[in-house]
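Just below is one structure, and these are the notes that go with it.
FYI, the numbering just counts along the sequence from 1. Each ligand, and each atom within it, is numbered from 1 in the order the structure gives.
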Amino acid sequence: MNLETFKFDIDADGIAHAVFDVPGRSMNTLTGKAVADIIAITQEVATNDAIKGLVISSGKASGFCAGADLGEMGSRAGAGGEKKQKSEDELKKEQFEAGFSLNGTLRKLETCGKPVAVALNGLALGGGLEVALACHYRVAANDNPKLQFGLPEAKIGLLPGAGGTQRLPRLVGVQAALPLILQGESFSAEQAKAMGVVQELAPSSETVAKAKAWVKANPKAKAPWDEKGFKVPGGVPHKSPGVGQVATMANMMLASKTYGNYPAQKNILSCIYEGIQVPIDAGLRIETRYFINTQQRPEAKAMIRSLFLSMQELGKGANRPAGHPKTEFKKIAVIGAGLMGAGIAYVQAKAGIPTVLVDVSKEAAEKGKQYSVRLVEKDISRGKLSKEKGDALLALITPTDNYDDFKGADLVVEAVFENEELKAKITKAAEAVLGEDAVFGSNTSTLPITGLAKASVRPANFIGIHFFSPVERMGLVEIIMGKETSEATLAKSIDYVLAIRKTPIVVNDSRGFYTSRCFGTYTREGMEMLSEGIAPAIIENVGRQAGMPMGALEVSDSVGLDTALKVTRAMAEATGIDLQSDERTQFLAWLVEDQGRVGRKAGKGFYDYDEKGKPARLWPDINKQLTLKVEECPPALKKELTNRFLVRQAVEVARCFEEGVITDARDADIGSILAWGFAPFTGGCCSYIDLIWGIKPFVAEADRLADAYGDRFRPNALLRDMAAKGEGFYDRFPPAGTKAKVAA
Ligand code: NAD
């Protein structure tokens, strides 16, 4: 056998040993070559009479296998541009054989008449776990705390396509398998043993020997589902009322959480429900059909590209300019210990970075530190953190009112009130004690960085480092380049964001930067709909059903209606709109100034809030001030409003590209999902245009909406040019390096 990804030998007892070891990689994945090797090994084991059984293990210290090679899959997904040329049927036919090859091979291995065992020393996810499930016996290491098992495919829009949806429910029962497959959460070796996913636990050094011993002792092994009279543990949905109810509930819960936007989850449910009723051979073919259907959906392509590939690339600092030494942070200062500063101090300390937290008084700074104390206490009480580690984390935060305390800091993040003069004062005071190389980052959410940098004596070291609230939960940081910001400063800032384990995107300076500017279009479209007389409940439900995390009016409440009024008035002034005749402004003014309904912070805005700050109901009296014209939402209206919400945001993203505010499609996609929750099943705003619509249909739809509702939807020259050339955003704005960003 000519194997590239496995080492293979046969011992004196006739037990073959296949060691999975993809060359040049720290972790095994199921590359095309690895699948070909598994096919060859299966053939050899099935046909070579000298082989009495097989043990599979891994040659990697990191684990057994992380699953399918999504890099290969993602590159097959295409870079975007035009939608697929072939018909669904042609693609299905072409892909069935390829899709079934590993599935069919694993089934051959399972039924080859010889015992097959696997030794799992570390992580086995997705396809890795599916290979293990096709073995008759699984031994897992009990001394590797990093070991995890799971079928995470659903998280990136796929379904397990190598037997996972058929073997796991047959092994642990439908009820236990459903959440594991639908949600894709991983589980430990101990949990696997308790559920019956593995049969034996042993120290890492002994797993192969244990697997061999089992193979020797069980020459006639069969999978449980190949034994006569096999019954699925707990029963099957169509025969057992209890399991039937579970399946019905799962369907309902899925619909209420995903609104049918995620084809993978829908297909997983159907695949389990249909596959569990028939013998496993038929079940596996059903699975392959659903797998192909799922994989061909634009949602899967978009989610793999953004949520897996781009996330991985940005998480490794893909935007970091080359040629600058990596910074190890010895000390970082945070100025302003309010909501944001307190959160920033916590994430720094959590990452092990000594942090100086400054405010106007020692008491104010100490109050900010208390935020970390509360988070640490919560983690300790939940058993997530030891008291010792919690104390060590808190000891890293030094609250102070003395700027001298942050002498020697590598970086400063300023998070004082949103006031240009105050920020200028802070910049001067900080720079007086900072070294020449220290970076000054501002967490401003609205003030242009180039303007703020005017107060700096070292504008090349001045940069925007924009966090999102709550800092400890939000994974994104938007880095904003001012006109004079240097590459060295950008490199250091990216090192910082990666050090605190967040994902950086890099954008150029402009009002609202990238995220605030585009996100604002969602809330404003909600306000437009309101002023057209569409009932608030329709606006909110359609927003959520479009895939946004909250309705547009609820988001406005969260931001603060007083802030929205301020911004609207400023925009009206800037654009010369007559405030007297602007209905939206008048309506907002009535809510804020007459009714005192400024949003969530006051417990009342568009919604009434309960004492925990959760929306209790839409405020019924809103209707007094509005003339409601639309109080029912038939499917055609739902589609229209959905497109208005999503297309409006995507058009704004295209404008940001044209103006050079953003220059890399990955930044735009990941930024839109992580910053403001743009419908994740679309892969983000660029992928929504590229893959969900296709560039030409998108431009046509935006034009139609512009004709119907106004020029805010009108495609810009960039979109028209891309449509004429059939280009997608990933063709036009591929991973750019940082030169363009610095120059733009
Ligand atoms: P906040 O009002 O909660 O906190 C501001 C803190 O700055 C207060 O503790 C105040 O005492 C302190 N401060 C004021 N003057 C100071 C001085 N001279 N020296 C030291 N400390 C001083 O405000 P916040 O919500 O944390 O926002 C801070 C910054 O972050 C603002 O620029 C804001 O635009 C930006 N931001 C806020 C959010 C958000 O969701 N709140 C999100 C992103 C960015």
Side-chain angles (χ1 to χ4, degrees), residues 333-348 355-372 397-406 409 412-434 440-449 451-453 455 462-480 497 502 504-505 507 511-520 523 550 555-560 562-564 566-567 570 598-601 613 671 674-677:
V334 179
I335 315 179
L339 178 73
M340 298 303 287
I344 297 166
Y346 171 75
V347 296
Q348 290 180 182
T355 294
V356 178
L357 182 58
V358 190
D359 210 297
V360 283
S361 66
K362 193 116 195 271
E363 295 72 51
E366 180 55 49
K367 198 171 154 224
K369 180 172 175 176
Q370 285 305 310
Y371 186 73
S372 293
I397 304 175
T398 309
T400 182
D401 59 354
N402 185 353
Y403 280 51
D404 283 343
D405 287 345
F406 58 79
V412 170
V413 183
E414 163 280 301
V416 298
F417 302 131
E418 191 74 339
N419 176 310
E420 202 158 350
E421 277 163 30
L422 176 63
K423 286 187 192 281
K425 200 179 106 193
I426 298 296
T427 307
K428 288 195 170 81
E431 284 181 343
V433 285
L434 285 171
F440 190 100
S442 174
N443 182 44
T444 175
S445 36
T446 55
L447 302 168
I449 295 303
L452 291 179
F462 199 100
I463 196 163
I465 304 183
H466 183 202
F467 284 85
F468 299 85
S469 175
V471 178
E472 69 280 5
R473 287 219 299 271
M474 298 293 282
L476 189 82
V477 176
E478 183 179 30
I479 295 180
I480 303 122
V497 176
K502 300 214 179 269
I505 61 165
V507 310
R511 194 159 278 275
F513 316 129
Y514 167 65
T515 57
S516 306
R517 169 173 168 181
C518 297
F519 152 78
T523 51
M550 280 185 204
V555 177
S556 297
D557 270 358
S558 298
V559 174
D562 47 348
T563 310
K566 224 161 91 183
V567 173
V598 296
R600 190 189 298 266
K601 59 191 167 193
L674 295 190
W676 74 92

(message) I'd like to know whether ligand 1 has A415 as a neighbour, heavy-atom separation below 4.0 Å.
(response) yes
(message) So, 4.0 Å and heavy atoms of E414: is ligand 1 close enough to count as a contact?
(response)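 No, that is not the case, since the closest heavy atom of the residue is not under 4.0 Å from the ligand.
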(request) For T444, take its heavy atoms, then give the atoms of ligand 1 lying under 4.0 Å from any of them. (result) 32 (O)
(message) Taking 4.0 angstrom as the limit and counting only heavy atoms of A337, give me the atoms of ligand 1 inside it, by number and element.
(response)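 In order of numbering, the contacting atoms are 9 (O).
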(request) Determine whether more than 12 heavy atoms belonging to other residues, nucleotides or ligands lie under 6.0 Å from atom NZ of K601. (result)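 Enclosed.
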Minimum heavy-atom distance [X]-[Y], with the two atoms named:
{"X": "L339", "Y": "S469", "result": "CD2-OG, 3.9 Å"}
{"X": "S442", "Y": "I449", "result": "CB-CD1, 4.5 Å"}
{"X": "G671", "Y": "L476", "result": "CA-CD2, 3.9 Å"}
{"X": "D359", "Y": "G338", "result": "OD2-N, 4.1 Å"}
{"X": "M474", "Y": "A675", "result": "CE-O, 3.7 Å"}

Top protein contact for [atom], by heavy-atom distance:
{"atom": "atom 15 (N) of ligand 1", "result": "L422 CD2, 3.6 Å"}
{"atom": "atom 37 (C) of ligand 1", "result": "M340 CG, 3.5 Å"}
{"atom": "atom 16 (C) of ligand 1", "result": "V360 CG1, 3.6 Å"}
{"atom": "atom 32 (O) of ligand 1", "result": "E418 OE1, 2.5 Å"}
{"atom": "atom 41 (N) of ligand 1", "result": "L339 CD2, 3.5 Å"}
{"atom": "atom 31 (C) of ligand 1", "result": "V416 O, 3.2 Å"}
{"atom": "atom 2 (O) of ligand 1", "result": "F417 CE2, 3.2 Å"}
{"atom": "atom 6 (C) of ligand 1", "result": "G338 N, 3.7 Å"}

Which is it for [X] and ligand 1 at heavy atoms under 4.0 Å: side chain, backbone, both or neither?
{"X": "F467", "answer": "backbone"}
{"X": "I426", "answer": "side chain"}
{"X": "S469", "answer": "side chain"}
{"X": "L447", "answer": "neither"}

Test your reading of the structure: does [X] have an N or O sitting under 3.5 Å from an N or O of ligand 1?
{"X": "D359", "answer": "yes"}
{"X": "S445", "answer": "yes"}
{"X": "K423", "answer": "yes"}

(message) On a heavy-atom basis, I'd like to know which of I335, V471, N443 is closest to atom 44 (C) of ligand 1.
(response) N443
Does any part of the side chain of [Y], heavy atoms only, come nearer than 4.5 Å to the side chain of [X], both counted from C-beta?
{"X": "V497", "Y": "I479", "answer": "yes"}
{"X": "F513", "Y": "T444", "answer": "yes"}
{"X": "Y371", "Y": "I397", "answer": "no"}
{"X": "S445", "Y": "M340", "answer": "no"}

(request) Check T400, V433, L357 against D405 for a side chain to side chain contact (heavy atoms under 4.5 Å, CB included) and give me the one that passes. (result) T400
(request) Over 60° means perpendicular and under 30° means parallel, so classify the ring planes of W676 and F519, tilted if in between. (result) tilted
